[in-house]
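The structure appears below as structure tokens.
Here the structure is a predicted model, which means the values were calculated and not measured.
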Amino acid sequence: MSAVPQKPSGPDEEPSQALGGHQVYASRRLTPDAADRLTRSGVRFTCHDEPMFPPDRDRLLAEVKGCSALVTMLTERVDGELLDAAGPGLRVVANVAVGYDNVDLDATRERSIQVTNTPGVLDGATADFTMALLLAASRRLVEADRLVRGGTPWQWGPTVLTGLDLSAGASLGIVGLGRIGLAVARRAHAFGMTLLASGGKVHSPEARELGVVPVELDELLERADVVSLHCPLTPSTRGMIGATELARMKRSAILINTARGALVDEEALAHALSEGLIGGAGLDVFANEPSVPEALRSLDNVVLAPHVGSAGDATRERMCDLAVGNVLAVLTGRPALSPVAP
């Protein structure tokens, strides 16, 4: 655990005298401006000073002791054990993510602990990365890169590494048309894609303006050239794309997932990809991160990324700043900026 040096409070910051008795812990290194804002507020701020890897469970349980606020990542299991380790003074858990499936909301409600997330600020970056995966998978970019880097002899030819033309009338099926799904729809519309969607804001004015066609999931899977997942992970959505759903897709279809890995049965997906039941996939999330099944890692027709959909510099700064803003609001008796529960 690394203590962050204290800096003088600025004139527009929360009054340090109101916050000096509070201890705040972050389970990962925050962006510099967000960390600086916490230290200038007057709280006693410590963090697990590591950019990538979280603390192990025993260390986490020890380091949260006596905290009024926790800034957590989706890698931390926020349950009754962790909340009790922090102690009765814990008032807020600020999750640096839109999703909060890592948080036991029943446990936080029982203890009257405010939970917050970071919605809205990462929509654009995640939509951009969705399109990056879509383009890479549809135009076989990673395969092409491997071919050139590997020194394999090649020449231009009309049938070499051909792929899906997005601008030639390809259809995109968005499963879960929320904020991020709509941001993806705007980008895909600019590419000239036909838009299908199920769930979420399929009947919203913006969806109608973009020409989104509302369909049920089964029809979406059957019609779409590309299926992109943008659902939260809940008991009802866990494993929603399995062998049956993959069998409904076109043999040329591409599956994109920048939401949560557990939405997809990874064994069924690896089988579908290896047997040519679907054409390809682009995955930024996995069921048991950071573990990625060898069956997926060994395939040429899947593009893999280490959960970096929101990893734009400005976006990560906004995410951390919103989490810090939630902490400071709750600790000074104001409403949370982006509350989840209670």
Problem set entry | Qualifying residues under salt bridge (Lys or Arg N to Asp or Glu O under 4.0 Å), relative to Arg111, sequence neighbours excluded | Asp84
Exercise. Between Lys250 (side chain) and Glu222 (backbone), is there a donor-acceptor pair under 3.5 Å?
Worked result: no
Exercise. Heavy atoms, side chains only, cut-off 4.5 Å: are Val215 and Val202 in contact?
Worked result: no
Exercise. Any side-chain heavy atom of Leu60 within less than 4.5 Å of one from His48?
Worked result: no
Exercise. When clusters are formed from ILVMFWY side-chain contacts under 4.5 Å, directly or step by step, what else is grouped with Met52?
Worked result: Phe53
Exercise. Is Arg40 paired with Asp36 through a side-chain N to carboxylate O contact shorter than 4.0 Å?
Worked result: yes
Problem set entry | Leu164 and Asp225, any side-chain heavy atoms less than 4.5 Å apart | yes
Exercise. After noting the C-alpha distance and the side-chain angles of Leu229 and Ile241, does the key distance pass the side chain to side chain contact (heavy atoms under 4.5 Å, CB included) rule?
Worked result: CA-CA 9 Å; Leu229 306 182; Ile241 303 298; 4.0 Å; yes
For this session: Test Thr116 against Gln114 for side chain to side chain contact (heavy atoms under 4.5 Å, CB included), laying out the working first.
Result: CA-CA 7 Å; Thr116 68; Gln114 177 71 68; 4.0 Å; yes
For this session: Run the numbers on Glu76 and Ser27 for side-chain hydrogen bond (donor to acceptor under 3.5 Å, both in side chains), then give the verdict.
Result: CA-CA 8 Å; Glu76 278 66 74; Ser27 61; 2.5 Å; yes
Problem set entry | Side-chain touch Val78/Leu83, heavy atoms, less than 4.5 angstrom | yes
For this session: State the CD1-CG distance between Ile180 and Asp128, to the nearest 0.5 angstrom.
Result: 11.0 Å
Problem set entry | Backbone N/O of Ala97 and side chain of Asn95: donor-acceptor pair under 3.5 Å | no
Exercise. Is it true that atom CG of Asp313 has more than 12 heavy atoms of other residues, nucleotides or ligands lying nearer than 6.0 Å?
Worked result: no
Exercise. Of all residues at least two apart in sequence or in a different chain, which pass the side-chain contact (heavy atoms from CB on, under 4.5 Å) check with Asp145?
Worked result: Arg149
Problem set entry | His307 backbone acceptor or donor facing Asp284 side chain under 3.5 Å | yes
Exercise. Does the pair Thr126 and Thr258 meet the rule for a side-chain hydrogen bond (donor to acceptor under 3.5 Å, both in side chains), with working shown?
Worked result: CA-CA 7 Å; Thr126 305; Thr258 56; over 6 Å; no
For this session: Please confirm whether the backbone N or O of Thr234 pairs with a side-chain atom of Thr237, one donor and one acceptor, at under 3.5 Å?
Result: yes
Problem set entry | Electrostatic pair Arg57-Asp79, nearest N-O below 4.0 angstrom | yes
Exercise. Heavy-atom distance under 4.5 Å between the side chains of Val184 and His230, does that happen here?
Worked result: yes
For this session: Inspect the surroundings of CD in Glu81 and state if more than 12 heavy atoms from other residues, nucleotides or ligands are less than 6.0 Å away.
Result: yes
Problem set entry | Within-4.5 Å side-chain heavy-atom neighbours: Val227 and Ile254 | no
Exercise. What distance separates Ser198 OG from Leu177 CG, expressed to the nearest 0.5 Å?
Worked result: 8.5 Å
For this session: Could you tell me whether the side chain of Asn326 and the main chain of Leu337 form a donor-acceptor pair under 3.5 Å?
Result: yes
Problem set entry | Ionic contact status for Glu245 with Arg248, cut-off 4.0 Å | no
Problem set entry | Donor-acceptor under 3.5 Å (Asp321 side chain, Ala34 main chain) | no
Problem set entry | Validation row: Thr75, Arg28 side chains within 4.5 angstrom (heavy atoms) | yes
Seminar exercise, completed: Residues passing the side-chain hydrogen bond (donor to acceptor under 3.5 Å, both in side chains) test with Thr194, sequence neighbours excluded, are none
For this session: Please examine the side chains of Leu38 and Leu30, heavy atoms only from C-beta on, and report whether any two atoms are closer than 4.5 Å.
Result: yes
For this session: Take Glu143 and Arg146 through the test salt bridge (Lys or Arg N to Asp or Glu O under 4.0 Å) and record every step on the way to the result.
Result: CA-CA 5 Å; Glu143 290 180 72; Arg146 288 196 194 107; over 6 Å; no
Exercise. Which pairs pass salt bridge (charged side-chain N to carboxylate O under 4.0 Å, His left out) with one or both residues in residues 160-174, sequence neighbours excluded?
Worked result: none
Problem set entry | Heavy-atom donor-acceptor pair, Arg208 side chain to Val213 backbone, under 3.5 Å | no
Seminar exercise, completed: Arg91 meets the side-chain contact (heavy atoms from CB on, under 4.5 Å) criterion, sequence neighbours left out, with His22, Val330, Leu331
Exercise. How would you list, by chain and number, every residue that makes a side-chain hydrogen bond (donor to acceptor under 3.5 Å, both in side chains) with Glu209, sequence neighbours excluded?
Worked result: none
For this session: Could you please spell out the steps behind the side-chain hydrogen bond (donor to acceptor under 3.5 Å, both in side chains) verdict for Arg316 and Ser310?
Result: CA-CA 7 Å; Arg316 288 290 171 84; Ser310 64; 2.9 Å; yes
Seminar exercise, completed: salt bridge (Lys or Arg N to Asp or Glu O under 4.0 Å) filter on Arg251, not counting sequence neighbours, yields none
For this session: Look at the side chain of Asn301 and the backbone N and O of Leu273, then say whether any donor-acceptor pair between them is shorter than 3.5 Å.
Result: yes
For this session: Take Ser68 and Val92 through the side chain to side chain contact (heavy atoms under 4.5 Å, CB included) test and state the conclusion after the steps.
Result: CA-CA 7 Å; Ser68 301; Val92 56; over 6 Å; no
Exercise. Side chain of Thr315, backbone of Ala311: donor and acceptor closer than 3.5 Å?
Worked result: no
Exercise. How would you list, by chain and number, every residue that makes a salt bridge (Lys or Arg N to Asp or Glu O under 4.0 Å) with Glu216, sequence neighbours excluded?
Worked result: none
Exercise. Taking atom CG of Asp123 and atom CG of Leu182, what is their separation to the nearest 0.5 Å?
Worked result: 9.0 Å
For this session: List in chain and number order the residues that pass salt bridge (Lys or Arg N to Asp or Glu O under 4.0 Å) with Arg29, two or more places apart in sequence or in another chain; answer none if no residue qualifies.
Result: Asp49
Problem set entry | Under the side-chain contact (heavy atoms from CB on, under 4.5 Å) test, residues paired with Glu266 that sit two or more places apart | Phe286, Ala287, Pro293, Leu296
Exercise. Can you tell me how far OH of Tyr25 sits from OG1 of Thr46, rounded to the nearest 0.5 angstrom?
Worked result: 7.0 Å
For this session: Mark yes when over 12 heavy atoms from residues, nucleotides or ligands other than Arg187 sit less than 6.0 Å from its CZ; otherwise mark no.
Result: yes
Exercise. Distance-only, no hydrogens or angles: does the Arg260 side chain make a donor-acceptor pair with backbone N or O of Val285 under 3.5 Å?
Worked result: no
Problem set entry | side chain to side chain contact (heavy atoms under 4.5 Å, CB included) assessment of Leu172 paired with Ser228 | CA-CA 7 Å; Leu172 171 64; Ser228 190; 4.0 Å; yes
Problem set entry | Gap separating the CG atom of Leu61 from the CZ atom of Arg59, nearest 0.5 angstrom | 12.5 Å
Exercise. What residues form a side-chain contact (heavy atoms from CB on, under 4.5 Å) with Leu105, not counting sequence neighbours?
Worked result: Tyr100, Val103, Thr108, Arg109, Val115, Val340, Ala341
Problem set entry | Leu135 CG to Arg140 CZ distance, which is reported to the nearest 0.5 Å | 15.0 Å
